[in-house]
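Please read through the structure below; I'll follow up with questions.
Please read all numbers here as calculations on a predicted model, not as lab measurements. Chain naming here is simple, since letters A, B, ... match the order of the sequence lines and numbering starts at 1 in each.
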There are 2 protein chains.
Amino acid sequence: MSNLKIGALARQTGTNAPTIRYYEEIGLLGSVGRQAGNQRVYSDTDVRRLTFIRRCREFGFSIDQVRALVALVQDPASSCVHARDLAQEHLIAVRAKLTELKALERSIAAFVANCDASCAGGAGPDCVILEDLTKGRTQTRNTSGGRCSKTSACS
Amino acid sequence: MSNLKIGALARQTGTNAPTIRYYEEIGLLGSVGRQAGNQRVYSDTDVRRLTFIRRCREFGFSIDQVRALVALVQDPASSCVHARDLAQEHLIAVRAKLTELKALERSIAAFVANCDASCAGGAGPDCVILEDLTKGRTQTRNTSGGRCSKTSACS
DNA sequence: CCTACATCCTCAAGTAACTTTAGGTTCAAG
DNA sequence: CTTGAACCTAAAGTTACTTGAGGATGTAGG
């Protein structure tokens with residue numbers, strides 16, 4: 001019953017105002033009340049609903065998944081076990097992404113380390129590290145055999 | 001000098017043919033030769049270049065960053081230290097994302113665990129776990145106090 | 001040589017989840 | 001009563017592609 005305008009709702013939920021309008025447009029927020037001057041008015045219910053939506057989005061759920069979750073919360077006949085299952089499914093995806101990202105982190109770190117070790121100041125076209133990228137996986141290479149090393153720069 | 005057609009190049013580099021055409025369109029692949037019948041022909045140089053691009057993309061570099069890296073490799077006056085710096089910058093972003101994702105994983109896992117512990121079979125609207133999502137951070141709650149628990153389902 | 005059929009071509013539109021821009025109205029303060 | 005912040009709608013832009021339509025070309029078998 002706080003009767004917020006869109007700016008206040010935006011601040012309370014950490015959402016941009018256009019995003020809030022967008023959520024309304026795609027039917028995530030249901031119908032919203034209006035003031036005399038056609039400006040949107042939001043209630044506590046709306047605050048809770050948008051908070052829920054934002055949290056789900058932070059959790060990495062897609063808009064469609066959030067739509068399902070919102071329906072779930074609204075529907076008296078639904079079971080929260082369903083929500084659990086959605087979350088479980090999503091957890092698996094997150095863990096896969098996590099694994100990928102870890103591998104990525106190692107690769108880039110290795111790339112940077114290789115640059116530091118064997119390619120300081122070398123020229124682009126002859127750089128052995130850049131060359132690696134055009135071939136197989138970037139991997140730790142022996143620092144001594146490079147064409148451009150600290151002791152023999154290639155430019 | 002292998003004179004590949006787009007399909008072969010696609011297979012060799014793990015790229016869809018339309019994506020290759022798209023890269024050409026946005027200027028990532030430069031100008032490509034054509035056969036008599038107007039079909040694209042690719043050389044070993046193209047294979048290397050596309051491989052480089054794909055690897056960079058796998059590394060999570062944006063198209064614009066890849067464009068910079070490609071220019072870097074092409075430019076005889078450039079230094080590979082520049083590439084290192086781009087990578088270093090990207091590494092920081094990846095690590096930030098990694099941290100976020102780890103927190104996310106913990107949150108979702110906690111959510112699922114909470115569901116299992118205190119909300120099995122409960123109805124959506126009354127589910128304390130779903131309710132959590134509309135409030136503060138999801139956190140470990142005491143399993144005994146929930147309104148819908150294994151021993152007292154709420155539907 | 002002719003017929004399938006795979007592969008290629010271009011151009012246009014679709015995708016997710018918003019953000020940005022343009023041009024105009026309304027509200028709150030002084 | 002005026003000024004400036006906040007609001008409104010509608011449309012286009014963003015990223016990195018993917019998908020689809022409709023037609024041309026290349027190749028293998030008969």
Side-chain angles (χ1 to χ4, degrees), chain A residues 2-29 31-43 46 49-70 90 93-94 97 100 104, chain B residues 2-29 31-43 46 49-70 90 93-94 97 100 104:
Chain A
S2 21
N3 272 25
L4 300 166
K5 288 202 287 183
I6 201 168
L9 178 63
R11 275 187 297 279
Q12 268 201 36
T13 60
T15 317
N16 293 339
T19 302
I20 296 176
R21 292 192 200 101
Y22 167 72
Y23 284 163
E24 183 186 339
E25 190 189 327
I26 64 173
L28 256 192
L29 272 182
S31 58
V32 179
R34 300 286 180 127
Q35 279 185 340
N38 199 32
Q39 300 198 349
R40 291 169 177 84
V41 201
Y42 297 96
S43 68
D46 295 315
R49 186 150 170 183
L50 182 54
T51 304
F52 176 79
I53 291 168
R54 290 310 288 177
R55 194 160 308 286
C56 288
R57 292 290 298 129
E58 274 171 31
F59 271 55
F61 289 100
S62 73
I63 289 282
D64 269 359
Q65 287 175 314
V66 176
R67 209 189 296 278
L69 284 169
V70 167
H90 189 54
V94 165
K97 194 134 205 167
E100 265 181 49
L104 178 59
Chain B
S2 19
N3 272 23
L4 301 165
K5 289 203 285 185
I6 201 166
L9 178 63
R11 276 186 295 278
Q12 269 201 34
T13 60
T15 316
N16 293 340
T19 302
I20 297 176
R21 293 191 200 101
Y22 168 72
Y23 284 163
E24 183 186 339
E25 189 190 327
I26 64 172
L28 256 191
L29 273 182
S31 57
V32 179
R34 299 286 181 127
Q35 278 185 342
N38 198 33
Q39 300 197 350
R40 291 168 177 85
V41 200
Y42 297 95
S43 68
D46 295 317
R49 186 152 169 180
L50 182 54
T51 305
F52 177 79
I53 291 167
R54 290 309 289 177
R55 194 160 307 285
C56 288
R57 291 288 300 129
E58 273 171 31
F59 270 55
F61 289 98
S62 73
I63 290 282
D64 268 359
Q65 287 175 315
V66 177
R67 207 189 299 278
L69 285 168
V70 168
H90 189 54
V94 166
K97 195 133 202 166
E100 266 181 48
L104 178 59

task: Could you check A/D64 against A/Q35 and say which one's nearest nucleotide on DNA chain C is further toward the 5' end?
output: A/D64
query: What pairs with A/R40 under salt bridge (Lys or Arg N to Asp or Glu O under 4.0 Å), at least two apart in sequence or on another chain?
result: A/E24
task: Take B/R34 and A/I63, find for each the nucleotide of DNA chain C with the closest heavy atom, and name the residue whose nucleotide sits nearer the 5' end.
output: B/R34
field: Close side-chain approach of B/L50 to B/Y42, heavy-atom, < 4.5 Å
entry: no
- prompt: Once you round to the nearest 0.5 Å, how far does OG1 of B/T19 lie from CG of B/L28?
  reply: 11.5 Å
message: Quick one, B/R55 with B/L69, criterion side chain to side chain contact (heavy atoms under 4.5 Å, CB included). Give me CA distance, side-chain angles, the key distance, then yes/no.
response: CA-CA 11 Å; B/R55 194 160 307 285; B/L69 285 168; over 6 Å; no
Residues 6-14 of chain A side chain polar contacts: donor-acceptor under 3.5 Å, at least two apart:
residue	atom	partner	partner atom	Å
A/T13	OG1	A/L9	O	2.8
A/T13	OG1	A/T15	OG1	2.8

Where chain B begins and ends its contact with DNA chain D, read 5' to 3' at 4.0 Å from heavy atoms: D/dA16 to D/dG26
message: Let me spell it out: for each of B/Q39 and B/R54, pick the nucleotide of DNA chain D with the closest heavy atom. Which residue's pick is nearer the 5' end?
response: B/R54
query: For residues 18-29 of chain B, which residues have at least one heavy atom under 4.0 Å from DNA chain D?
result: B/P18, B/T19, B/Y22, B/Y23
- request: Tell me, please, which residues at least two apart from B/Y23 pass ring-ring contact (aromatic ring centres under 6.0 Å, His included).
  value: none
field: By ring-ring contact (aromatic ring centres under 6.0 Å, His included) - contacts of B/Y22 (at least two apart)
entry: none
- prompt: Looking at CZ of A/R54 and CD of A/E58, how far apart are the two atoms once the value is rounded to the nearest 0.5 Å?
  reply: 7.0 Å
query: Tell me, which of residues 4-12 of chain B have any heavy atom that sits under 4.0 Å from an atom in DNA chain C?
result: B/K5, B/I6, B/G7
What side-chain donor-acceptor pairs closer than 3.5 Å can you find for residues 60-67 of chain B, not counting sequence neighbours?
residue	atom	partner	partner atom	Å
B/S62	OG	B/D64	N	3.4
B/S62	OG	B/Q65	N	3.2
B/Q65	OE1	B/S62	N	2.9
B/R67	NH1	B/I26	O	2.7

statement: Its 5'-most and 3'-most nucleotides having an atom under 4.0 Å from a non-hydrogen atom of chain B, DNA chain C is contacted over C/dC8 to C/dT10
